[in-house]
Each structure stands twice: as C-alpha cells, then as structure tokens.
Number of protein chains: 2
Amino acid sequence: MGATIKDVAALAGVAVSTASYALNGIGRVSTKTRDKVLDAARQLNYQKNGIASDLKRSRTNTIALLLSDLSGPYYSSLIKGVQEVSLNNGYDLIACSSIGGDSSTAVKFIKEKRVDGAIILAHNIPDRTIMDSAREGFPIVMLDRRLEHESVCYVEADHDKGGLLATNYLIENGHRRIAFVSGPASSKHNKDRYNGFTRAMNDHGLTIEPRWNLIGNFTEEGGYRAVKLMIAQGDLPEAVFFANDEMALGGITALQEAGIRVPEDISVIGFDDIVQARFLNPGLTTVRQPDYEVGALAVHLIFQILKGESVAQHYTLDTELVIRGTVRSIQN
Amino acid sequence: MGATIKDVAALAGVAVSTASYALNGIGRVSTKTRDKVLDAARQLNYQKNGIASDLKRSRTNTIALLLSDLSGPYYSSLIKGVQEVSLNNGYDLIACSSIGGDSSTAVKFIKEKRVDGAIILAHNIPDRTIMDSAREGFPIVMLDRRLEHESVCYVEADHDKGGLLATNYLIENGHRRIAFVSGPASSKHNKDRYNGFTRAMNDHGLTIEPRWNLIGNFTEEGGYRAVKLMIAQGDLPEAVFFANDEMALGGITALQEAGIRVPEDISVIGFDDIVQARFLNPGLTTVRQPDYEVGALAVHLIFQILKGESVAQHYTLDTELVIRGTVRSIQN
DNA sequence: CTGTTAGCGCGTTCAC
DNA sequence: GTGAACGCGCTAACAG
C-alpha cells in the first residue's frame, strides 16, 4: 500500500526525476525507460500523491463551487453550466458548503488555497472573508450578491427587468389590482424584483395598495401565511405576484384551502421557475432566470482571470417569462 | 501577498516552528510570544497553505461524496445526512462528480488520496477503480451497489421489501391485474424491487402477465413510452407499479393524454418519493427510502473505519410506504 | 518550560 | 538521464 515515486524509480532502476518525467509523459525519456517505469508503477499499484503534486506546482487544477448547503436548494441548471464549462477546460470541480460560516469547508477551501478559483453562491460567507481571500490571482465570482472589489466580479440575472416582465404580463392580461408578496428585506434580488414591479405599475398609472404589499420571506410557509392574511382582510386583488415560486406554492395552497380557484378567481405569477412549478396543476406561470448561462459565464470568467485576461466586474443576463396556466386573461 | 509562515515568524522575530506552535495553539509557547505571532499573522493577512499542511500530516480531514453528476438528480435528504454527520465529527465534506469515468474528478480524488474517505453514489466508477483505491485505511462506502472487498462496505435500503410493500398495498386495495414497469436490467435496485413484486404476486396466487412487464429504463421518457405501448395493446391492467417515480411521472402523462384517469380508471404506484411526487395532482403514492439515514450511516461508517474499528460489510435499512392519491380501492 | 535546529512529506523541475 | 533544490508547514529532538 502507498507506493511512492521513489519505490517506482527504485524498481525501474532510474532516478526519481526520470520516473516523474516518464509518468507524466514529458519528453526527455527514451521509450524503453518509459516502459520500464510504467511497468514498475503498474506492479506497485502506484498512484501519485495529488497533494504533494499540488504543493509543488502550486496549483490544484480545481475550482470550487461554494454553496450555502449541499443538500439544497437545487441549482440544477446553474451547476450544470458550471460543471460543463469546468470540465471542458480540463479543470476539476468540487462543491462544498458554507454551513458554519467562517469555519466552514467552503471558507477553508478559499482561504487555504485548496483550489484555484471559486464561485460563490453562499450568502453566509461574509464579504470581508471573500475580500481577504481575493488576492491578486485568486479569482472569485459571486452569484448571489454584489461585491465591489478589484479581483471579485459578479454575474446576475436582471431581476428588475424580470419583475417588470411579470407585472407587465399581468397588466396586459387585464389585471389592475395586483398584490406583491415580498421576500426578506435584506435580499437584493427581492428588492430588484419589487422595483420592476413598481416600475410597471407606475408606467401604467396603476396604484400599489399598501395592504397588498405582503411579506413572505421567500419560503413556502411565508407565502401561505401572507395569503391567509390577505384573505382575512377580505377584498381580494385580481392577481398576486409572488417574488419567488416557493412562496407561490404556499400561497396557492392557502387559496385552495379557502376555495378560491386559480386562475379563475385570482391569477398568480411566481419567479424562478423551480422544478415543482411545472408539476402544479395548472402549471405555475413564472419568470425563469438563465441559470445555465449564469453558471457557464461564471466559470468562464474564472478561466479568463486565471489566464491573466481582464474581465468586466459585472455581468447581467436577461430573464424570460414562462407562461403556464396560473394567469388568466380578464375582459374588462 | 501570500505571506507564508516564514514571513510571520520573521516579523514576530521567532523561529518558524514557534510560529507554527503559536498559530496552532499547541502549548510550548508563552502568551506573550503567542500574541506577537498572532499579531504578525494578522498584519500580514497570513493564511496557512492547506495543501502543505495536508501533505505533512498526511491527512486531509475531508471526506468526499462522489456523485455521477453534480447537477442532479437531487439526493437532498441523503446529502443532508452525510453533511450533518461529517460536520458533527469535525470533518469537511466535498462533493464531486464522476463525469468522465476514470479520468473524472471523483476518481482523481480517491486515487490521489486527496481525501480521507469517500462515499460513492456514482454508478460509472468501475468496481476495479474502487478496489484499487480501497487500500488498507482508505475507507469507502458504496451506496449504489454492492461490492465485495474487505475494505469497502455498502449501505442500502431494502428494495426487495419495498417492492413487496408496494405490491401488497395494491393487492389489499383489490387490485389483481398489475403491471410492472422496470428500470434498466443492469440495476440491482430494479431487480430487487421486481423480486419483491413477484413475491407478493405469488404469495397471493396472482399471475404476472408477460405483456404487462414493461421496460422504462428509470427515465420519465421511458415510463411514458412504456405506458403508450401498454395502451396500444388494449386491455389495461387495474394498476401499474413503476419501479421508480420518474417513470411514474412519464407514465401518468401518457395516461392523461389518452384520457385515462388516475386513480379512477387505473391505479399507479411509484418508488423513491422524489420531490415532484407530492406536487402531482393527485399526489403520487410511492415507497420512500430512508435517505437521510442511509447518508448518515454511510459517513458514520467512514469514521468508524478511520478510527480503526471494524464494521460489518453490509447494512440494510427499511423502506416505508407513502400513501397519497394515485391508488384507489376496488370493490370486487 | 521556552525556543531552536533540522529534517520530513512527495513530486516537480532546473541545471548539469 | 541524473542530482538536488524546492514548495510550505509540521514536529521530534535538542539547547538555552
């Protein structure tokens, strides 16, 4: 167990350096010697110690995707984008979680230079930590927030425009009395979506009723509660714009429980296009973010920076309306 | 940038080893010296090179979860189990994919000893590779298949009993003419589920119609096709047991398209309890595996082995029936 | 008891 | 094709 390159060299009767060259297939070695070495390696079941190799090379050929929690939520398309582009560039990809904040695996990996670059989708890693790690030459791309720092850049969907898109769609379908269920006030994305909403409302001379500005905290439970509250107030709006799909899920449950039909009695629109959206009946109309593209671009930027090319600090991608069955057209 | 421990020692005016002791908080250093060192480290924004550290210690304090594809399917509960137990034991956890087979990140990490142990849920890593890596002291736990090797153990749900459970439930509800839609023949889990099915059928003296033994390959598409075929044959069964939920999803779509109602005209049961199952209308009745427990047990075993304690080679956990709305009771 | 010296871990790479 | 330095931090043995 655990043969080292020394053992291989000894068995093959060559110097360690020669063994290394042969193993890595870098010129300088006659075919005969190479074969001897490879043979010895096979006999000893030799596997190089990747850590020693990384240490010497001072690069790991690996990039990390930092998530708040490995067990979810499910950023399938985004990860696919990250994964495909990494692999195409010959880099390895690992995912790790930031549970535990500054003492988490995620933070350890960027701080201790265990990877060559990182993509961050983990709200609980403090800006400070990220900036400390973002030394010259250590590329970091943020996906969940903005961060002004020379060697950190960020990619995001245009949530503002997405909010506008969704709201305009409701208005085009004849809705005028529209409620908005927000996520947490601290969320930039929530704020952007809300901005888009207000812009659309104002553009069409519609008024935003304060009593229809509800808080749902981006959770299914929160959406459920918000709608319960709305129902308790009486006087329902014609449509509800949930700032994310999870809240819409909860909201729809609350509506169903009250015998209010979607979309016959009230229209609903969400944001994100999570997997479940398609499986509701009727399917949830929502706004899709270009997740795959966000992921792909993020890694692409990492490689640009690694190559020493300069990149912009900020990229915005478009969102797209996904029309299913929860919004109906009202004839006025 | 990139201060090393040498710089810290120099600035603090002590030897490197002293700096190391101070930084790691291992006795042998006066408070005063310690403070000087910590101060110097702070000033230089020092971060240890984790790779050098790992090399020296020859352990990484990290375990890896090897998945076929980081972008899905979504083993949320299982990963939660793995994650929580790892963290509780003070170990870091990383996830990586085996896309690319023997040249994948996953394989690289186990071969090159970049982690202290691994949990494998990646069918495309060859047995051979796993056995080569499973040297003395390198713990590997398999979740997706059995592998007979002294230092490899496996944990699995009782798929056979799960198949029995599902089938018995259909039979208890008066169904006698039952179809079975299989996954790929190569899948052990599929085979076990099918065994449970046949056992239940035989126990009740029911016959298995060959024309109702369909192949769906564990995919939504496959389930869809299988049901289309079944419909084309005419003479529908009373119930269909899909060997996994994804196929059930596809099958239900096919039934709907043909105007066949679930469960009024035909009952459906699945296996796995994927997230979507709950969101179908009606909710999909299915068999749940104890995913969290499987994950938690897997890591637990890793730690046992790491501590040099001996463990059994094989663990089986029970499955559970999740009753929702796709099976109806037939009065004969 | 505090602090230092020296060598190790393992593979890579440069100069000869 | 080879010897030896090197990457960086850890630690046993030793000196003060």
Side-chain angles (χ1 to χ4, degrees), chain A residues 1-38 40-41 44-62 108-109 111-116 135 137-138, chain B residues 1-38 40-41 44-62 108-109 111-116 135 137-138:
Chain A
M1 66 186 78
T4 73
I5 198 171
K6 275 181 195 159
D7 303 318
V8 175
L11 182 57
V14 298
V16 172
S17 48
T18 307
S20 175
Y21 287 129
L23 257 7
N24 292 309
I26 307 175
R28 305 179 187 318
V29 177
S30 70
T31 319
K32 207 175 123 195
T33 312
R34 182 200 315 302
D35 289 347
K36 258 197 316 195
V37 172
L38 295 182
L44 296 170
N45 191 21
Y46 167 76
Q47 288 301 153
K48 82 165 167 201
N49 180 322
I51 302 192
S53 172
D54 285 350
L55 175 58
K56 178 60 194 173
R57 300 191 130 110
S58 55
R59 45 183 279 257
T60 60
N61 216 53
T62 303
K108 173 175 154 187
F109 270 69
K111 269 195 178 164
E112 301 182 359
K113 307 161 189 100
R114 294 183 129 86
V115 287
D116 294 345
R135 304 163 305 282
F138 188 83
Chain B
M1 52 215 58
T4 74
I5 199 172
K6 276 182 196 160
D7 303 319
V8 175
L11 180 58
V14 298
V16 172
S17 49
T18 307
S20 175
Y21 287 131
L23 258 5
N24 292 309
I26 307 175
R28 306 180 184 321
V29 178
S30 69
T31 318
K32 207 175 125 193
T33 311
R34 184 203 310 303
D35 289 347
K36 257 199 316 197
V37 173
L38 295 182
L44 296 170
N45 191 23
Y46 165 77
Q47 287 302 153
K48 84 162 166 204
N49 180 324
I51 301 192
S53 174
D54 285 351
L55 175 58
K56 178 62 193 174
R57 305 189 124 112
S58 55
R59 45 183 279 259
T60 60
N61 217 52
T62 302
K108 174 174 155 188
F109 269 69
K111 269 194 177 165
E112 301 182 357
K113 306 158 189 103
R114 294 182 128 88
V115 288
D116 295 344
R135 302 164 305 283
F138 187 84

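Here the structure is a predicted model, which means the values were calculated and not measured.
- Of the two residues contacting DNA chain C, namely T33(B) and K56(B), the nearest-nucleotide position lying further toward the 5' end is that of T33(B).
- Atom pair Y21(B):OH and dT2(C):C1' shows a separation of 11 Å (rounding to whole Å applied).
- Spacing between atom CG of L55(B) and atom C1' of dG7(C) amounts to 13 Å, rounded to whole angstrom units.
- Atom CZ of R57(A) and atom P of dC14(C) are 12 Å apart (whole Å).
- For the pair R34(B) CZ and dG3(C) P, the computed distance is 10 Å after rounding to whole Å.
- L23(B) is listed as a side-chain neighbour of Y46(B), based on a closest heavy-atom distance under 4.5 Å.
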Below 3.5 Å, can you tabulate the donor-acceptor pairs from side chains in residues 3-19 of chain B to any protein atom, sequence neighbours excluded?
{"unit_1": "T4(B)", "atom_1": "OG1", "unit_2": "K6(B)", "atom_2": "N", "d": "3.1"}
{"unit_1": "D7(B)", "atom_1": "OD2", "unit_2": "T4(B)", "atom_2": "N", "d": "2.8"}

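- Rounded to whole Å, atom C1' of dG11(C) lies 14 Å from atom CD of Q47(A).
- In this structure, T4(A) does not reach the dC10(C) phosphate: none of its side-chain N or O atoms is under 4.0 Å from OP1 or OP2.
- Looking at D54(B) and T60(B), their side chains never bring a donor and an acceptor atom within 3.5 Å of each other.
- Residues of residues 6-18 of chain A that place a heavy atom closer than 4.0 Å to DNA chain D, in numerical order, are V14(A), A15(A), S17(A), T18(A).
- Between the CD1 atom in I51(A) and the CZ atom in R114(B) there is a gap of 7.0 Å [rounded to 0.5 Å].
- Shown here are the side-chain hydrogen bond (donor to acceptor under 3.5 Å, both in side chains) partners of T62(B), two or more places apart in sequence or in another chain: there are none.
- Between its two ends, the helix from dC1(C)-dG16(D) to dC16(C)-dG1(D) turns its axis by 50°, counting five pairs per end and rounding to 10 degrees.
- Atom CG of N61(B) and atom NZ of K108(A) lie 5.0 Å apart (nearest 0.5 Å).
- Summarising the geometry of A22(B) relative to V29(B), their closest heavy-atom pair is N-CG2, 3.9 Å, with the distance given to 0.1 Å.
- For K48(B), there are no salt bridge (charged side-chain N to carboxylate O under 4.0 Å, His left out) partners two or more places apart in sequence or in a different chain.
- Nucleic acid contact class of N24(B) (heavy atoms, under 4.0 Å, all strands): sugar-phosphate only.
- The footprint of chain B on DNA chain D, defined by a heavy-atom cutoff below 4.0 Å, extends from dC8(D) to dA12(D).
- Here the side chains of N24(A) and S20(A) are in contact, with some heavy-atom distance below 4.5 Å.
- Across the protein-nucleic acid pair, I26(A) atom CD1 and dT12(C) atom P stand 8 Å apart, rounded to whole Å.
- Using modelled atom types, one finds no donor on one side chain facing an acceptor on the other under 3.5 Å when comparing R34(B) with S30(B).
- For D54(B) and dC8(C), the CG to C1' distance is 16 Å, given to the nearest whole Å.
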